[in-house]
Amino acid sequence: DAGVIQSPRHEVTEMGQEVTLRCKPISGHDYLFWYRQTMMRGLELLIYFNNNVPIDDSGMPEDRFSAKMPNASFSTLKIQPSEPRDSAVYFCASSLSGQGVSPLHFGNGTRLTVT
Amino acid sequence: AQSVTQLGSHVSVSEGALVLLRCNYSSSVPPYLFWYVQYPNQGLQLLLKYTSAATLVKGINGFEAEFKKSETSFHLTKPSAHMSDAAEYFCAVSEGGTSYGKLTFGQGTILTVHP
């Protein structure tokens, strides 16, 4: 199994630009989560999907952030326009329900720097 | 709402010494609890999980954790530290007792191992 795959690994952009982060979950997993990690706030859940449907987006900071999951094997997190305070590591994770307590499987993250 | 407190943002031990990383949780329902490890520039990897089957949980790399309901604790231990254990460790609790991976994370504890 290839695990959760995120791209790009690093992204540097200027304030005001649009940024799109991509995620391919583990095949067969029905839950997908987007987390953000910063020194100040630690790991924060932004949004999660079940069977491609957004279930809870209460962690999305503001309207500049949006996430989609057009199919079971692909999700995007978009920031438009980006701001320096969005600089963080963004993690995608997936899990499989229905088999007891399912752990999260994380990707290696995308380190975003907004200048 | 669930919450996790990790006591000590940095822990330093000598190689061969006991490792003890502390975690206390707050949950309104019987919790599922997890420990994850994060190596530099990588995503989080599951060390072990508590799912109410047994209070002493054994994980990978010689780590174990004990669930103590009366103390609302889930401390992580390893009898003898190895240099390769140097990493950041996160305790997490499932939100609302969910089993599919919606987790609240602690702030993390950085473990340093000295030769």
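Below, chain A is the first sequence line, B the second, and so on; all start at residue 1. Not measured: the values here are computed from a predicted model. Atom set for the values below is all heavy atoms of this structure, side chains included, hydrogens, waters and symmetry mates excluded.
Grouping the Ile, Leu, Val, Met, Phe, Trp and Tyr side chains by contacts below 4.5 angstrom, directly or via other members, places B:V4 with B:V37. When the side chains of ILVMFWY residues are joined at heavy-atom separations under 4.5 Å, either directly or via intervening members, B:F74 and B:V19 end up in a single hydrophobic cluster. Under the 4.5 Å side-chain heavy-atom criterion for Ile, Leu, Val, Met, Phe, Trp and Tyr, A:L32 and A:L46 are members of the same hydrophobic cluster. With hydrophobic clusters built from ILVMFWY side chains whose heavy atoms lie under 4.5 angstrom apart, A:Y90 does not share a cluster with A:I26.
The environment of A:M40 atom CE is sparse: at most 12 non-hydrogen atoms of other residues, nucleotides or ligands sit within 6.0 angstrom. In the displayed structure, A:E62 atom CD is contacted under 6.0 Å by more than 12 heavy atoms of other residues, nucleotides or ligands. A 6.0 Å sphere centred on CZ of A:R64 holds more than 12 heavy atoms belonging to other residues, nucleotides or ligands. Counting non-hydrogen atoms of neighbouring residues, nucleotides and ligands closer than 6.0 angstrom, the CG atom of A:N71 exceeds 12 such neighbours.
In this structure, B:K102 NZ and A:I55 CD1 are separated by 9.5 Å, a value rounded to the nearest 0.5 Å. B:L103 contributes atom CG, which lies 9.0 Å from atom CG of A:L45 (distance to the nearest 0.5 angstrom). Note that the OH atom of A:Y35 and the CZ atom of B:F105 stand 4.5 Å from one another [nearest 0.5 Å].
When every heavy atom of A:N108 is checked against every heavy atom of B:G43, the shortest pair comes out as OD1-N, 3.3 Å.
In this structure, A:R9 contributes its side chain and B:N41 its backbone to a donor-acceptor pair below 3.5 Å.
Contacts of A:L104 with chain B are made by both backbone and side-chain atoms, with heavy-atom separations under 4.5 Å. Contact of B:Q107 with chain A is made through the side chain alone, with heavy-atom distances under 4.5 Å. Heavy-atom distances place the backbone of A:R41, and not its side chain, under 4.5 Å from chain B. Neither the backbone nor the side chain of A:N50 has a heavy atom closer than 4.5 Å to any heavy atom of chain B. Heavy atoms of A:Q37 lying under 4.5 Å from chain B belong exclusively to its side chain. The part of B:Q38 that comes within reach of chain A is its side chain, from C-beta onward, which places non-hydrogen atoms under 4.5 angstrom from that chain. The contact between B:L46 and chain A is made entirely by side chain atoms (from C-beta outward), counting heavy-atom distances below 4.5 Å.
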